[in-house]
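So the structure is just underneath, and the comments pick up after that.
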Amino acid sequence: MTIREAAKGVFLRPSSGKGSYNVGFNGGDETQFDVKNLSELEECWKGFCKDEGFAENSVDYVERA
C-alpha cells in the first residue's frame with residue numbers, strides 16, 4: 001500500500017515537533033524517519049524509494065516509534 005494509506009490514523013493531530021516513525025515495507029524490511037507531519041514522511045519515503053530502488057507502494061505499516 002502507499003505511505004498515506006498505511007499512515008491512516010497514525011497522524012491524528014498536528015505535532016508540535018518532530019517524531020520518529022517506523023515504516024515497514026516489502027514484507028519484513030523496516031526503516032525509520034524523523035518527521036513533523038505526513039507530508040514530510042511522504043517526501044522522505046519517496047526519496048528513500050528512489051535512492052534504494054523500492055516501489056513506493058510497498059509499505060506494510062507505519063507506526064510512531
Side-chain angles (χ1 to χ4, degrees):
M1 72 184 92
T2 66
I3 196 86
R4 184 167 287 275
E5 292 168 328
K8 187 175 182 177
V10 176
F11 291 88
L12 296 177
R13 57 188 122 126
S15 176
S16 59
K18 284 192 175 189
S20 296
Y21 293 86
N22 297 325
V23 177
F25 62 101
N26 284 345
D29 292 326
E30 187 177 83
T31 191
Q32 188 176 81
F33 299 102
D34 293 324
V35 297
K36 292 185 284 189
N37 54 41
L38 180 54
S39 295
E40 194 172 301
L41 180 61
E42 284 181 303
E43 184 179 317
C44 290
W45 176 247
K46 286 179 182 183
F48 175 78
C49 288
K50 183 178 179 182
D51 292 345
E52 300 297 325
F54 296 122
E56 288 182 25
N57 65 349
S58 63
V59 180
D60 298 321
Y61 63 86
V62 174
E63 64 185 11
R64 188 165 177 116

For the residue pair S20 / D34, report whether a side-chain donor-acceptor contact shorter than 3.5 Å exists.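 A donor-acceptor contact under 3.5 Å links the two side chains.
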Problem - Nearest atoms (heavy-atom pairs only) where V35 meets C44 - result: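 So the minimum-distance heavy-atom pair works out to CG1-SG, 3.9 Å.
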query = Looking only at heavy atoms, what is the nearest atom pair of C49 and A55, with distance?
reply =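 Closest pair (atom of C49, atom of A55, distance): SG-O, 3.8 Å.
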Salt bridge (Lys or Arg N to Asp or Glu O under 4.0 Å) partners of E42, counting only residues at least two apart: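 Partners of E42 under the salt bridge (Lys or Arg N to Asp or Glu O under 4.0 Å) test: R4.
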Report yes if the side chains of [X] and [Y] come closer than 4.5 Å at any heavy-atom pair, otherwise no.
X   : Y   : answer
E63 : Y21 : no
T2  : V59 : no
E40 : K18 : yes

Distance from L41 atom CG to K46 atom NZ, nearest 0.5 Å?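 L41 CG to K46 NZ: 11.0 Å, rounded to 0.5 Å.
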Roughly how far, to the nearest 0.5 Å, is the CG atom of L38 from the CH2 atom of W45?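 Result: 13.5 Å between the selected atoms.
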Quick one: side chains of residues 23-33, donor-acceptor pairs under 3.5 Å with protein atoms, not counting sequence neighbours, listed by atom name and distance.
residue	atom	partner	partner atom	Å
E30	OE2	Y61	OH	2.3
Q32	NE2	N22	OD1	2.7

